[in-house]
Amino acid sequence: MRMVVLLLIFLFLFFPHISHASVMELYDEQKDSWLIDLKPYIFEMDEALLNWNDIEDLTKYMQKQVYQKPKNAYIAKNGEIVKEKPGLALDVNEFHTLINEFYYSGADNKRLHVPKQKIPARVNEELLKEITEKELNRFTTRFRKGNIERTRNIELAADAINNTVIFPGEHFSFNEIVGERTKERGYLPAPVIVKGEFSEDIGGGICQVSSTLFNAVDLQGIEITERYAHSREVPYVPKGRDATVSWWGPDFAFRNKFNQPVLIQARAIGGEMTVAVYTSNDATLFQAKRP
């Protein structure tokens with residue numbers, strides 16, 4: 001009952017032109033479906049018509065309620081492929097068709113189940129099987145696992161880029177994939193290099209992840225589009241082989257030049273940060289078009 005009251009209040013705030021007492025968008029948990037009462041959406045000046053301005057508002061509202069983001073297939077830490085899960089979206093055309101049919105049929109029951117359609121996952125099980133056929137490269141760096149704060153930051157950033165699939169011609173941005181490094185997201189204060197000097201900031205240590213990634217993807221078929229070096233040498237990669245990143249500053253980015261998707265596998269465990277790059281046996285470089 002409490003849930004229904006909260007829903008009615010919410011709908012009243014977003015649909016002030018519709019009487020909150022007559023609005024009855026209710027969720028049927030047993031059938032996993034929303035039910036719609038069409039009475040509040042009748043055109044006031046003519047009961048033979050539906051008010052499609054209100055129906056459009058209702059449609060936008062139901063799109064938000066029904067939507068479920070698809071989940072890509074991924075490789076678990078034990079090496080097994082976890083199957084993808086399709087998402088859900090409101091079938092707008094079917095929704096409007098059903099509203100018309102129910103209302104203009106003259107039936108007393110104006111309630112209908114909201115139609116849904118599946119959203120396929122971008123990366124499915126079969127694709128993952130194919131693009132793990134060939135290992136293109138692998139690179140490992142080491143860190144002191146006893147440094148709890150730095151280790152935590154490395155683990156979080158490694159998990160963020162792990163299982164990333166870059167399709168042909170697509171662009172990878174470290175900052176975009178990892179996101180902002182904040183306390184709310186679990187990142188901790190640790191040493192960083194700022195203008196050649198050591199300092200402490202949230203997310204210190206993730207440059208080891210971006211540097212490890214750079215050394216793994218720096219190969220034929222991957223075009224490095226953005227990379228910046230630290231203002232002083234770092235101990236975890238050879239001289240000149242680092243890639244510094246900062247949320248409000250430098251990014252590390254590259255583009256997939258193969259004709260097949262590329263898979264990034266990243267893991268930080270036991271004081272080792274490893275990135276491996278995979279693709280299909282059928283992968284070849286894009287051929288430049290002849291003039």
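What you see is a predicted model; the values in this text were computed from it and never measured. When reading the values below, keep in mind they use all heavy atoms of this one structure, side chains included, and skip hydrogens, waters and symmetry mates.
Between Asn259 and Leu285, every side-chain heavy-atom pair lies at or beyond the 4.5 Å cut-off. At a threshold of 4.5 Å between non-hydrogen side-chain atoms, the residues Phe167 and Val123 count as touching. Side-chain contact between Thr182 and Tyr187: absent, with no pair of heavy atoms (C-beta onward) separated by less than 4.5 Å.
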Can you check side-chain contact (heavy atoms from CB on, under 4.5 Å) on Val245 and Ile206, steps first, answer last? CA-CA 8 Å; Val245 291; Ile206 65 163; 4.0 Å; yes
Which is it for Gln265 and Asn163 under the side chain to side chain donor-acceptor pair (under 3.5 Å) test, yes or no, and what are the steps along the way? CA-CA 5 Å; Gln265 284 278 279; Asn163 283 304; 2.8 Å; yes
Quick one: do Asn93 and Asp91 satisfy side-chain contact (heavy atoms from CB on, under 4.5 Å)? Show the steps, please. CA-CA 6 Å; Asn93 290 335; Asp91 188 335; 4.1 Å; yes
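Of the listed residues (Arg138, Glu130, Glu133), just one forms a side-chain hydrogen bond (donor to acceptor under 3.5 Å, both in side chains) with Tyr278, and that residue is Arg138.
Summarising the geometry, atom CD1 belonging to Ile224 is positioned 8.0 Å from atom CG belonging to Leu219; distances are rounded to the nearest 0.5 Å. Here His171 contributes atom NE2 and Thr225 contributes atom OG1; the two are 3.0 Å apart, rounded to the nearest 0.5 Å. Note: Lys69 NZ to Leu88 CG = 14.5 Å, rounded to the nearest 0.5 Å.
Under a 3.5 Å cut-off, the side chain of Ser210 and the backbone N or O of Cys207 do form a donor-acceptor pair. Remark: the backbone N or O of Gly205 is not paired with any side-chain donor or acceptor of Asn153 at under 3.5 angstrom.
A side-chain donor from one of Arg150 and Gln208 sits under 3.5 Å from a side-chain acceptor of the other.
Heavy-atom neighbours of Ile148 CD1 from other residues, nucleotides or ligands within 6.0 Å: at or below the threshold of 12. Atom OH of Tyr74 has 12 or fewer neighbouring heavy atoms from other residues, nucleotides or ligands inside a 6.0 Å radius.
The existence of a salt bridge linking Asp218 and Arg241 is confirmed by a sub-4.0 Å separation between a basic side-chain nitrogen and an acidic carboxylate oxygen.
Contacts of Arg185 classified as salt bridge (Lys or Arg N to Asp or Glu O under 4.0 Å), with partners at least two apart in sequence or in another chain: none.
Taking the six-membered ring for Trp, Phe252 and Phe214 have ring centres closer than 6.0 Å.
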